[in-house]
Amino acid sequence: MSSKSNRSWTMNGFGVAHLAPAETTIPKPGPHDLLVRVKAVSLNYKDRMILDGLLMPNMTFPYTPLSDAVGEVVGTGEAVTRFKVGDRVLGHVIADWVEGEGPAVLHQKTLGMTLPGVLAEYVVFGEGAAVLAPPSLSDAEASTLPIAALTAWSALFEMAKAVPGETVLIQGTGGVSLFALQFAAAFGLKGIVTSSSDEKLERAKTLGAWKAINYRTRPDWDVAARDATDGQGVNHVLEVVGGENMRRSIEVLAAGGRLSLIGILGDTTFSSSIFPVMRNRLTIQGISIGHRRGFERMNAAIEVAGIKPVIDRVYGFAEVPRAFEHLARGPFGKVVIALS
Ligand SMILES: NC(=O)c1ccc[n+]([C@@H]2O[C@H](COP(=O)([O-])OP(=O)(O)OC[C@H]3O[C@@H](n4cnc5c(N)ncnc54)[C@H](OP(=O)(O)O)[C@@H]3O)[C@@H](O)[C@H]2O)c1
């Protein structure tokens with residue numbers, strides 16, 4: 001098989017202009033590896049940060065980006081026991097985190113960061129770093145799960161134990177946030193969604209948002225969210241912005257509330273009074289995607305609840321730069337690239 005070529009896209013410098021198609025040889029799986037023919041990949045905000053030189057400024061080129069992929073196992077190393085040829089699998093992004101506490105040093109084995117990325121026709125996953133794709137989802141839908149869905153799931157149900165009836169404040173309508181909304185709606189949580197767009201808020205309502213707040217017209221969205229809970233505050237916040245936004249997130253939490261710190265769409269530093277944290281006995285938890293066991297539990301839940309990931313648009317393999325440009329505009333849900 002190594003004589004056939006493997007079409008991919010590589011970064012040959014920073015910026016979308018330096019993305020280019022490439023051809024290499026098909027990788028050879030080691031004894032515990034799976035050779036996977038990729039069917040679809042999806043983009044995450046961090047892929048844009050990598051492309052722009054913000055997340056891994058010292059990387060070397062050429063570099064194959066992206067972390068989220070679904071594909072079919074077309075070859076296995078001789079010691080593989082967990083999967084067989086023909087299985088449809090998803091790569092688990094933090095490859096050395098199976099369950100429990102994360103690795104002592106994170107991101108030493110992370111797909112699309114310290115391990116090669118997945119924007120290629122053929123990739124290799126360690127058998128311990130793959131899960132079966134949910135059968136009810138199409139390839140495009142399944143490709144959206146490894147980072148965005150698992151991050152939202154981990155924040156609500158692995159690192160926390162959200163229970164029906166609780167409120168969760170969900171910021172924006174990007175990939176992580178719409179999965180959080182869909183999980184919240186499916187499992188009896190009351191989702192309060194913020195967005196810059198009234199039109200997107202209307203669409204969020206059709207996905208089950210309990211309340212909708214435009215953070216452009218209500219920059220004091222924390223006050224609006226507290227009002228929506230009759231002054232009680234919210235039980236969970238999924239923070240995707242940072243900076244001043246995070247201060248407001250702390251202010252809006254109810255007694256015993258929990259803030260999941262996920263994203264850095266804004267500032268990476270913040271300043272806040274310590275009093276709400278003490279007075280309301282708040283928990284602030286950092287989220288790093290999640291572990292494989294959580295991924296498997298989430299996929300089972302997606303099957304039971306019949307959740308269909310929200311895809312803003314599917315691009316062809318020749319349209320990779322356009323897909324990145326779409327991501328930069330702020331998608332409603334996920335941007336996907338189909339390989340077949
Ligand atoms: N810690 C982790 O493990 C982890 C995992 C995944 C992602 N992340 C991080 O989480 C963040 C979101 O990632 P993503 O992939 O979901 O991004 P995305 O799909 O690109 O979503 C971007 C969306 O964020 C919303 N947004 C932007 N500024 C906002 C603000 N000030 N307040 C509220 N919403 C705002 C916008 O929604 P509207 O258009 O509706 O306003 C925009 O569409 C990124 O910083 C990413 O790096 C972290």
Side-chain angles (χ1 to χ4, degrees), residues 42-52 54-56 66-68 92-94 97 102 106-107 110-113 144-156 158-159 169-182 192-205 207 209 212-222 224-225 237-249 252 259-268 270 284-291 294-295 309-313 323-336:
S42 76
L43 271 58
N44 291 283
Y45 187 81
K46 70 112 181 109
D47 299 317
R48 182 180 153 199
M49 294 179 75
I50 290 173
L51 184 66
D52 290 344
L54 301 174
L55 203 55
M56 302 198 301
L66 270 53
S67 302
D68 287 7
H92 174 54
V93 175
I94 304 183
W97 192 6
L106 199 67
H107 295 324
T110 297
L111 281 177
M113 290 181 79
T144 65
L145 302 179
I147 289 186
L150 183 54
T151 299
W153 174 266
S154 298
L156 289 172
E158 299 287 340
M159 300 281 293
L169 189 121
I170 295 161
Q171 299 173 348
T173 56
V176 174
S177 298
L178 285 194
F179 275 115
L181 172 59
Q182 290 183 290
I192 303 172
V193 177
T194 68
S195 174
S196 57
S197 152
D198 287 340
E199 186 256 328
K200 288 181 177 180
L201 286 171
E202 285 306 314
R203 292 166 73 187
K205 283 187 201 163
L207 292 170
I213 301 167
N214 186 319
Y215 65 81
R216 289 251 189 274
T217 55
R218 286 297 306 262
D220 61 342
W221 54 263
D222 51 323
V237 173
L238 269 54
E239 173 67 47
V240 296
V241 181
E244 165 67 6
N245 201 74
M246 177 138 166
R247 184 192 66 72
R248 291 185 185 278
S249 294
V252 78
L259 184 148
S260 293
L261 177 49
I262 293 172
I264 46 173
L265 293 168
D267 290 344
T268 52
F270 81 106
I284 298 177
Q285 60 184 17
I287 301 293
S288 303
I289 309 176
H291 49 63
F295 200 166
V310 179
I311 295 174
D312 200 341
R313 179 145 177 203
F324 269 96
E325 283 156 12
H326 188 152
L327 187 71
R329 291 195 295 274
F332 186 83
K334 297 296 291 178
V335 177
V336 170

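Residue numbers start at 1 and run along the sequence shown. First listed ligand is number 1; within each ligand, the first listed atom is number 1.
Note that CG of Leu238 is 7.0 Å distant from OG of Ser177, once rounded to the nearest 0.5 Å.
Taking any N or O of Leu261, backbone or side chain, none lies under 3.5 Å from an N or O belonging to ligand 1. Taking distance alone, with nitrogen or oxygen atoms compared against 3.5 Å, Ser195 approaches ligand 1 more closely than that limit. Here's the thing with Thr173: one of its N/O atoms is less than 3.5 angstrom from an N/O atom of ligand 1. Not a single N or O atom of Gly333, backbone or side chain, sits closer than 3.5 Å to an N or O atom of ligand 1.
Atoms of ligand 1 found under 4.0 Å from any heavy atom of Ile289 (numbered from 1 in listed order, with element): 2 (C), 3 (O). Within ligand 1, counting atoms from 1 as listed, the ones closer than 4.0 Å to a heavy atom of Gly174 are 16 (O), 18 (P), 19 (O), 21 (O), 23 (C). Contact atoms of ligand 1 toward Ser196: 38 (P), 39 (O), 40 (O), 41 (O) (distance under 4.0 Å to a heavy atom of the residue). Short contacts between ligand 1 and Gly172, defined as distances under 4.0 Å to a heavy atom of the residue, involve ligand atoms 25 (C), 33 (C), 34 (N), 37 (O), 40 (O). Every atom of ligand 1 with a heavy atom of Ile287 under 4.0 Å away is listed here by number and element: 1 (N), 2 (C), 3 (O). Close contacts between ligand 1 and Val241 involve ligand atoms 29 (C), 30 (C), 31 (N), 32 (N), 33 (C) [criterion: under 4.0 Å to a heavy atom]. Residue-ligand proximity, Ile264 to ligand 1, at heavy-atom distances under 4.0 Å covers atoms 45 (O). Close contacts between ligand 1 and Ile147 involve ligand atoms 5 (C), 6 (C) [criterion: under 4.0 Å to a heavy atom].
Phe295 and His92 have tilted rings, their planes meeting at an angle from 30° to 60° on a 0 to 90° scale.
The side-chain heavy atoms of Leu43 and Leu66, taken from C-beta on, include a pair separated by under 4.5 Å.
Counting heavy atoms closer than 4.0 Å to ligand 1, residue Val176 contributes atoms from both its backbone and its side chain. Heavy atoms of Thr151 found under 4.0 angstrom from ligand 1 belong exclusively to the side chain. At a heavy-atom distance under 4.0 Å, no atom of Phe332 approaches ligand 1.
Of the possible polar contacts, one joining the Glu239 side chain to the Val241 backbone as a donor-acceptor pair under 3.5 Å is found.
At the shortest separation from atom 19 (O) of ligand 1 among protein heavy atoms lies Gly175 N, 2.8 Å. Looking from atom 48 (C) of ligand 1 to the surrounding protein, the closest heavy atom is Ile262 O, 2.9 Å. Here the heavy atom of the protein found nearest to atom 39 (O) of ligand 1 is Lys200 NZ, 2.8 Å. The closest protein non-hydrogen atom to atom 10 (O) of ligand 1 is Gly263 CA, 3.4 Å. Given atom 36 (C) of ligand 1, the protein heavy atom at minimum distance is Tyr215 OH, 4.0 Å. At the top of the distance list for atom 17 (O) of ligand 1, counting protein heavy atoms only, stands Tyr45 CB, 3.5 Å. Remark: minimum distance from atom 24 (O) of ligand 1 to any protein heavy atom is reached at Leu265 CD1, 3.2 Å.
The closest heavy-atom contact to atom 42 (C) of ligand 1, among the options Gly330, Ser67, Gly266, comes from Gly330. Taking only non-hydrogen atoms, the option from Gly242, Pro331, Ser260 nearest to atom 43 (O) of ligand 1 is Pro331.
Using 4.0 Å as the threshold, Ser197 has no heavy atom nearer than that to any atom of ligand 1. Using a 4.0 Å cutoff on heavy atoms, Ser288 counts as a contact of ligand 1.
Side chain to side chain, Gln285 and Ser260 meet the donor-acceptor criterion of an N or O pair below 3.5 Å.
Under the rule for a salt bridge (charged side-chain N to carboxylate O under 4.0 Å, His left out), Asp267 has no partner lying at least two apart in sequence or in another chain.
A salt bridge does not link Arg329 to Glu325: none of the charged side-chain nitrogens sits closer than 4.0 Å to a carboxylate oxygen.
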